[in-house]
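So the structure is just underneath, and the comments pick up after that.
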Number of protein chains: 2
Amino acid sequence: MMHDRGIPKPTLERLPRYLRALRRHEATGEIFISSSRLGSESGIEEFQVRKDLTHVEVTGLRSKGYPVEDLILALRQVLGLTGQRDAIVVGAGRLGTALSQYPGFTNYGFKIVDLFDSDPYKVGSMIGDLRVMSVDSMPKYLREMGVSTAIITVPAEEAQRVTDQLIEGGIKGIWNFAPVALDVPPDVYVRNEDLAIGLASLSYHVARARG
Amino acid sequence: MMHDRGIPKPTLERLPRYLRALRRHEATGEIFISSSRLGSESGIEEFQVRKDLTHVEVTGLRSKGYPVEDLILALRQVLGLTGQRDAIVVGAGRLGTALSQYPGFTNYGFKIVDLFDSDPYKVGSMIGDLRVMSVDSMPKYLREMGVSTAIITVPAEEAQRVTDQLIEGGIKGIWNFAPVALDVPPDVYVRNEDLAIGLASLSYHVARARG
DNA sequence: CTATGTGAAAAAGTTCACAGCG
DNA sequence: CGCTGTGAACTTTTTCACATAG
């Protein structure tokens with residue numbers, strides 16, 4: 001319901017959780033799922049579930065619930081998780097290595113197609129089945145390969161320089177694990193995944209619990 | 001200003017960003033920093049900065065700004081980043097390995113003191129300078145060592161079982177990288193770090209940018 | 001009689017504008 | 001004057017309650 005382009009941010013964070021709960025639910029073979037059930041399986045209140053699903057092209061049946069398969073499809077549709085999308089990882093450190101080999105990407109239609117680093121000692125070596133390439137070759141590479149998504153796992157000091165090269169290559173989406181605010185033009189989307197924020201949040205709450 | 005116990009969640013997410021900007025700023029040797037400067041260095045509007053700092057025990061000087069050192073101290077204080085805090089990692093897979101060796105924890109006063117896994121083949125082996133221990137020994141271990149923070153990097157199917165063992169051991173804070181909602185008593189704080197949400201968010205925005 | 005879909009109320013968070021201190 | 005600190009306006013998000021459909 002509702003052809004909304006421009007889903008509220010908090011809703012957007014919850015949709016993937018519904019999707020995952022639905023995939024688990026799929027295995028049960030049940031055809032419908034109620035908002036309360038979907039809610040409890042994803043840790044979200046049932047009225048919030050219904051409100052959120054308002055932004056998705058799907059209709060629930062009264063006294064039955066939402067058709068599981070349709071809902072999965074609609075969520076994939078709205079999240080842009082249809083088809084394959086190529087991405088590169090910039091930064092062949094520990095986190096970059098872990099991410100480039102993370103099998104979970106496939107479930108979300110992403111494929112890590114190449115890995116870049118600025119360290120000459122790393123360039124040319126193999127990590128998993130990816131050969132590490134030089135960041136200097138990135139802009140040309142991106143244009144030629146038409147890759148529009150990048151994951152940044154370089155140290156903070158290098159992040160902006162790498163970002164500039166990505167922009168030069170015409171990147172459209174950046175998943176930034178470096179702990180700095182990146183300066184990008186308005187047509188480039190940046191998602192910051194700052195692990196230190198998680199740490200601080202944890203610290204804050206644990207400190208209150210124990211003093 | 002303001003002895004607030006119970007800082008708004010969005011503010012809590014921004015405080016670590018100020019802290020980091022301040023640390024970078026520290027190197028310049030300047031004693032004061034204005035809200036607009038601090039804002040631009042952390043990518044946040046200046047009035048938002050001032051509002052946020054309302055929840056922190058610090059006073060800015062008119063026409064000068066905030067004293068850098070005091071502000072750093074106050075932020076560390078409110079975030080509970082004073083002193084050393086021990087934590088364990090549960091799950092010796094790729095992510096668990098990367099996190100257990102991540103040097104950044106030290107900056108935030110955390111120390112990964114041990115690593116647990118349920119796989120008998122992994123138990124006993126060394127990862128970095130940590131020996132992998134069996135999850136079955138966790139509850140006793142936690143009690144004896146007084147560790148109250150854990151990082152979960154096990155697969156989704158195992159996460160709740162592991163969580164139950166952590167709770168049995170008296171854990172107070174969990175940083176959960178497994179993509180499931182964990183069921184915990186109200187006195188246990190769970191911070192979910194769901195990488196798939198980042199993926200989905202990225203996918204949504206890139207899909208809109210290119211169609 | 002069960003479970004959706006949605007207006008309307010409440011709460012939370014952001015933005016603004018400006019008084020007032022140094 | 002420059003820059004903080006904050007009340008008030010505004011916006012967004014959550015919560016609730018209930019009419020309505022199957």
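To find a chain, count down the sequence lines: A is the first, B the second, and so on, and within it residues start at 1.
- Atom P of nucleotide D:dC3 and atom CD of B:E30 are separated by 12 Å, given to the nearest angstrom.
- Checking C:dA3, D:dG5, D:dG2 against every side-chain atom of B:Y66, the shortest atom distance belongs to D:dG5.
- Relative to the ring axis of A:F177, A:R94 does not place its NZ or CZ within 45° and under 6.0 Å from the centre.
- Whole-Å rounding puts the B:E46 CD to D:dC3 P distance at 9 Å.
- Note on A:S35: a side-chain N or O is less than 4.0 Å away from OP1 or OP2 of C:dT4.
- Ion pair B:E13/B:K9 not flagged as a salt bridge, since none of the NZ, NE, NH1 or NH2 atoms sits closer than 4.0 Å to an Asp/Glu carboxylate oxygen.
- Under the 3.5 Å distance criterion, the side-chain polar atoms of A:S203 are left unmatched by any main-chain donor or acceptor of A:L199.
- Of the possible donor and acceptor atoms, none in the side chain of B:E193 sits under 3.5 Å from a partner among the backbone N and O of A:L195.
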Pairs under 3.5 Å (N/O, protein and nucleotides 13-16 of chain C):
{"from": "C:dT14", "atom 1": "OP1", "to": "B:R14", "atom 2": "NH1", "distance (Å)": "3.0"}
{"from": "C:dT14", "atom 1": "OP2", "to": "B:R14", "atom 2": "NH2", "distance (Å)": "3.0"}
{"from": "C:dT15", "atom 1": "O4", "to": "B:K51", "atom 2": "NZ", "distance (Å)": "3.4"}

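- Separating the CG atom of B:L38 from the C1' atom of D:dT4 is a distance of 13 Å, rounded to the nearest angstrom.
- In this structure, A:H205 and B:Y189 have parallel ring planes: the angle between them is below the 30° cut-off, well short of the 60° mark.
- The residue from A:D194, A:N192, A:T163 that alone fulfils the side-chain hydrogen bond (donor to acceptor under 3.5 Å, both in side chains) condition with A:N176 is A:N192.
- In this entry the distance linking NE2 of A:H55 with C1' of C:dG5 reads 12 Å, nearest Å.
- If you measure from atom CG of B:L71 to atom P of D:dT4, you get 11 Å, rounded to the nearest angstrom.
- In this structure, A:S36 reaches neither bases nor backbone, as no heavy-atom distance under 4.0 Å exists between it and the strands shown.
- Residue A:R50 places its side chain closer to C:dT6 than to any other of D:dT4, D:dG2, C:dT6.
- As a whole-Å value, the separation of A:F32 CZ from D:dG22 P is 13 Å.
- Panel note: side chain A:R191, backbone B:L202; no donor-acceptor pair is recorded below 3.5 Å.
- In this structure, the CZ atom of B:R62 is 17 Å from the P atom of C:dC18, given to the nearest Å.
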